[in-house]
Visitor: 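Take a look at this one; I'll ask things after.
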Amino acid sequence: MRRVNKQELLRLHPELADEVIDVFNLEVFIYLDLFIFSLFLGLLLHPLIDSVLWSIFVPLCFFIFFFIVFQIIKRKFPDI
């Protein structure tokens with residue numbers, strides 16, 4: 001197995017660092033995190049809430065609320 005010196009690689013190919021940063025800044029990851037947090041909230045609330053409808057409704061409201069907040073922040077600060 002070949003060893004890779006990361007500093008040397010970045011020094012020779014700085015565009016690789018830009019590509020990695022661009023991938024990590026994709027909105028897909030933000031939406032995926034929000035979806036996973038909503039599922040986790042639903043799993044945490046499931047034993048506390050007797051109704052299945054409420055255990056779906058609360059995480060759904062959480063997802064929608066923070067989706068809207070993210071859209072507002074994105075429009076107000078487009079360079080973030």
Side-chain angles (χ1 to χ4, degrees):
M1 196 160 126
R2 195 177 92 187
R3 293 188 75 125
V4 177
N5 187 350
K6 294 176 191 171
Q7 297 299 327
E8 182 72 21
L9 183 66
L10 287 176
R11 189 176 58 74
L12 294 174
H13 304 286
E15 68 277 359
L16 290 177
D18 291 334
E19 289 180 21
V20 169
I21 290 172
D22 288 341
V23 167
F24 279 119
N25 284 334
L26 289 176
E27 291 179 29
V28 173
F29 293 113
I30 295 172
Y31 298 135
L32 184 62
D33 285 342
L34 185 56
F35 180 72
I36 290 171
F37 288 145
S38 298
L39 285 176
F40 185 67
L41 178 66
L43 289 174
L44 285 176
L45 290 178
H46 185 67
L48 300 175
I49 300 174
D50 294 334
S51 173
V52 175
L53 182 64
W54 277 107
S55 63
I56 294 172
F57 181 70
V58 172
L60 183 64
C61 287
F62 175 84
F63 180 83
I64 292 171
F65 175 75
F66 283 104
F67 179 81
I68 292 170
V69 168
F70 177 67
Q71 294 298 319
I72 291 170
I73 290 172
K74 191 172 73 170
R75 286 191 184 153
K76 196 156 195 131
F77 305 105
D79 55 337
I80 292 180

Visitor: What pairs of residues pass the side chain to side chain donor-acceptor pair (under 3.5 Å) test when at least one of them lies in residues 56-67, not counting sequence neighbours?
Guide: none
Visitor: Please name all residues satisfying side-chain contact (heavy atoms from CB on, under 4.5 Å) with Ile68, sequence neighbours left out, ordered by chain then number.
Guide: Ile64, Ile72
Visitor: Looking at residues at least two apart in the chain, or sitting in another chain, which of them share a side-chain contact (heavy atoms from CB on, under 4.5 Å) with Leu34?
Guide: Phe62, Phe63, Phe66, Phe67
Visitor: Which residues pass the side-chain contact (heavy atoms from CB on, under 4.5 Å) test with Phe70, sequence neighbours left out?
Guide: Glu27, Ile30, Tyr31, Lys74
Visitor: Nearest 0.5 Å, please: how far is CD1 in Ile56 from SG in Cys61?
Guide: 12.0 Å
Visitor: Leu45, Ile36: one ILVMFWY side-chain cluster at the under-4.5 Å cut-off?
Guide: no
Visitor: Supply the members, apart from Leu44, of the Ile/Leu/Val/Met/Phe/Trp/Tyr cluster built from side-chain contacts under 4.5 Å; use none for a lone residue.
Guide: Phe40
Visitor: Is there a continuous path of hydrophobic side-chain contacts, each under 4.5 Å between heavy atoms, that joins Leu39 to Trp54?
Guide: yes
Visitor: The criterion is side-chain hydrogen bond (donor to acceptor under 3.5 Å, both in side chains); which residues satisfy it with Arg11, sequence neighbours excluded?
Guide: Glu8
Visitor: Kindly work out whether a path of hydrophobic side-chain contacts (I/L/V/M/F/W/Y, heavy atoms less than 4.5 Å apart) joins Leu43 to Phe35.
Guide: no
Visitor: Check the hydrophobic clustering (I, L, V, M, F, W, Y; side-chain heavy atoms under 4.5 Å; chains of links allowed) and say if Phe37 and Ile73 are grouped together.
Guide: yes
Visitor: What are the two closest non-hydrogen atoms of Pro59 and Ser38, and how far apart are they?
Guide: CB-O, 3.3 Å
